[in-house]
Amino acid sequence: MRYISTRGHADRKRFCEILLEGLAPDGGLYLPERYPAVDASTLQRLREAFDGGRAGGYASLAFEVLSLYIDDIPAADLRALCEKTYTEAVFGTPQIVPLKTLEAPSAQGPQAGFYLEALSNGPTLAFKDMAMQLLGNLFEYELARRGEELNILGATSGDTGSAAEYAMRGKKGVRVFMLSPHGRMSPFQQAQMFSLMDENIHNIAVEGVFDDCQDIVKAVSNDLEFKRAHKIGTVNSINWARLLAQVVYYFAGYFQATQQNTQQVSFTVPSGNFGNVCAGHVARQMGLPIRTLVVATNENDVLDEFFRTGVYRVRGSADTHETSSPSMDISKASNFERFVFDLLERDGERVKRLFGPALAAEGRFDLSADPAFAQAASRYGFRSGKSTHANRLDTIRSVYQRYRLMIDTHTADGVKVALEHREDATPMVVLETALPIKFAETIVEALGQQPDRPVQFIGIEDLPKRVKVMPASTPAVQAFIVDHCTTGA
Ligand SMILES: *Cc1c(COP(=O)(O)O)cnc(C)c1O
């Protein structure tokens with residue numbers, strides 16, 4: 001399997017070559033040159049590997065799916081990496097991603113089941129653990145093989161940074177430098193990150209907002225000499241390995257919601273950067289019987305607007321709403337280019353024209369008059385919808401009243417939009433992207449009570465914290481990195 005850029009660059013790379021890279025050299029995103037087809041017998045083999053979610057089933061499934069895309073890691077090693085990653089000890093249950101039934105299929109009527117797929121039982125209680133935990137093990141493996149080191153530099157407003165830190169803690173050859181806006185994350189999120197005492201994890205609280213943190217990361221990455229000298233890398237959501245890891249749980253969700261491989265399932269996905277739902281698109285292209293992929297957004301509705309109108313219009317930071325589902329507060333969807341590449345029959349030149357300097361200058365492109373746009377729904381199965389703060393509160397309340405289940409604000413966006421797209425004959429699976437404890441303030445607003453707290457997080461806010469507060473200055477951050485690269489830790 002070789003990987004190509006969405007912008008038509010001539011390079012063909014192997015999996016381990018792109019594993020530690022961000023963008024392709026032409027600014028595009030990597031995708032496999034083709035999607036391996038899962039025919040009926042392969043699908044049956046994958047169902048048997050998952051084995052109803054018995055212990056080790058998810059790891060076997062992950063190995064089978066990853067093997068279709070990775071041919072430069074020996075099979076025994078890849079299997080060992082999957083088995084080390086997807087354990088009950090890390091993810092809380094043998095199934096790893098159990099389905100929670102909101103409504104069972106009705107015995108007499110035609111109504112198919114309505115489910116949540118629990119992706120948020122990893123170390124940081126958000127679905128990003130599903131991919132990041134694998135990435136941590138893949139990075140450690142590949143760096144050891146090459147005898148190299150990597151310094152991961154990132155900016156976070158919450159979920160990504162903590163998932164990255166919990167995935168990389170204690171990993172040999174990797175250090176993490178994570179910038180967050182000082183005093184702006186929830187007390188729970190701060191406690192999650194700052195209580196880590198691992199020598200290779202460095203929290204930097206920047207006196208500024210999230211955009212300042214991101215600007216510093218960009219400035220450091222653009223300083224090519226510094227980047228090379230200090231082996232700076234990233235783990236952002238455009239990394240193909242992250243996307244690939246996410247493909248696996250669409251299969252696991254499908255197998256749990258069906259008895260036979262002739263049945264179809266629809267998924268609704270709370271979306272921000274289009275990473276999660278793009279993995280669903282890949283699974284569907286491989287041949288997993290997915291009927292509909294519903295993209296759910298919050299007030300930041302860049303994606304909903306595209307799927308309704310054919311216009312992709314990125315927002316300025318002034319037009320980006322701060323919402324109660326903050327991990328979906330995006331101004332542009334960084335993985336969306338991958339889908340557009342497929343939608344335009346993989347015409348890299350055209351993608352380059354749409355996403356290159358023109359998008360930066362005009363802030364939009366319009367496919368409404370292009371015949372390809374109609375295919376987003378007809379051929380690729382996409383639908384969309386959006387939700388507001390009031391919708392989230394209503395949905396959290398009604399799910400609690402009807403099913404005695406607390407859901408987080410992002411999952412609530414998903415449930416709200418899923419209800420608008422449910423069909424009688426097709427099971428609907430909503431991806432649960434975080435647990436309510438991470439966003440307690442809104443749960444209290446909706447339900448008048450605190451969300452349940454998993455035992456391992458009791459008292460986390462009282463633990464000692466390790467964080468360096470710094471002005472919003474690129475040289476200051478660079479000096480800190482240099483300091484901590486040379487002292488060994
Ligand atoms: C990151 C995140 C999302 C959005 O996922 P994308 O891959 O960016 O679409 C949704 N919900 C939660 C809780 C997240 O952390």
Side-chain angles (χ1 to χ4, degrees), residues 29 116-133 135 154-167 180 185-186 188-189 192-193 210 235-247 249-250 267-283 293-304 306-307 320 323-339 382 384-387 392 395-396 407-418 430-440 442-443 451:
L29 280 64
L116 291 185
E117 184 172 357
L119 305 180
S120 309
N121 297 315
T124 73
L125 309 182
F127 89 96
K128 292 189 173 68
D129 290 328
M130 292 302 305
M132 210 70 95
Q133 287 287 317
L135 203 66
T156 189
S157 52
D159 288 348
T160 307
S162 55
E165 291 188 352
Y166 279 77
S180 60
M185 290 192 299
S186 75
F188 184 86
Q189 287 176 317
Q192 263 191 326
M193 287 178 56
F210 175 63
V235 286
N236 51 27
S237 77
I238 55 148
N239 183 293
W240 165 254
R242 276 182 68 178
L243 214 108
L244 178 56
Q246 294 172 178
V247 171
Y249 54 68
Y250 284 88
F267 286 90
T268 299
V269 187
S271 296
N273 276 318
F274 204 78
N276 201 354
V277 74
C278 193
H281 163 70
V282 171
L293 286 166
V294 184
V295 176
T297 74
N298 63 19
E299 291 89 335
N300 297 291
D301 58 351
V302 181
L303 290 168
D304 179 44
F306 175 79
F307 285 106
T320 306
T323 76
S324 48
S325 45
S327 299
M328 294 158 59
D329 293 351
I330 52 98
S331 51
K332 60 179 176 28
S334 49
N335 270 291
F336 185 55
E337 184 170 330
R338 287 193 159 106
F339 171 65
F382 275 94
S384 72
K386 65 186 273 193
S387 146
R392 282 189 278 288
T395 307
I396 290 168
I407 56 171
D408 101 289
T409 50
H410 306 76
T411 309
D413 290 328
V415 170
K416 187 265 179 186
V417 174
V430 179
L431 300 189
E432 180 184 55
T433 56
L435 290 195
I437 184 67
K438 296 196 91 168
F439 305 96
T442 309
I443 304 301

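Numbering of ligands and ligand atoms starts at 1, following listing order. Sequence positions, counted from 1, serve as the residue numbers for this chain.
Within ligand 1, the atoms closer than 4.0 Å to a non-hydrogen atom of F127 are 1 (C), 2 (C), 3 (C), 5 (O), 7 (O), 14 (C), numbered from 1 in the order shown. Near M328, meaning under 4.0 Å from one of its heavy atoms, ligand 1 places the atoms 10 (C). Every atom of ligand 1 with a heavy atom of P270 under 4.0 Å away is listed here by number and element: 4 (C), 10 (C). Taking every heavy atom of A434 and a limit of under 4.0 angstrom, the matching atoms of ligand 1 come to 13 (C). If you number the atoms of ligand 1 from 1 as listed, the ones under 4.0 Å from a heavy atom of G275 come out as 6 (P), 7 (O), 9 (O).
For an aromatic pair to be called close, the ring centres must be under 6.0 Å apart, and H410 with F439 satisfies this.
Here D159 has side-chain heavy atoms under 4.0 Å from ligand 1, and that is the only part of it that gets that close.
Protein heavy atom in closest approach to atom 14 (C) of ligand 1: K128 NZ, 2.9 Å. At the top of the distance list for atom 8 (O) of ligand 1, counting protein heavy atoms only, stands N273 N, 2.7 Å. Shortest contact from atom 9 (O) of ligand 1 to any protein heavy atom: G272 N, 2.8 Å. Looking only at heavy atoms of the protein, atom 7 (O) of ligand 1 is closest to N276 N, 2.9 Å.
Using a 4.0 Å heavy-atom cutoff, S271 is listed among the residues neighbouring ligand 1.
Judged by distance alone, the side chain of N300 and the main-chain N or O of T320 form no donor-acceptor pair under 3.5 Å. Although no hydrogens or angles enter the test, the distance criterion places no donor-acceptor pair under 3.5 Å between the side chain of D413 and the main chain of T297. Within the 3.5 Å criterion, the main-chain N or O of K416 finds no donor-acceptor partner in the side chain of R392. Judged purely by atom type and a 3.5 angstrom limit, N273 has no side-chain atom pairing as donor or acceptor with the backbone of N335.
Using a 3.5 Å distance cut-off with no hydrogens or angles, the side chains of T323 and D329 do pair a donor with an acceptor.
Between F339 and F274, the ring planes lie tilted relative to each other; the angle falls in the 30° to 60° range.
If you run side-chain contact (heavy atoms from CB on, under 4.5 Å) between Y166 and each of M193, Q133, M132, only Q133 comes through.
Within the set T433, T297, N298, T124, the minimum heavy-atom distance to atom 13 (C) of ligand 1 is found for T433.
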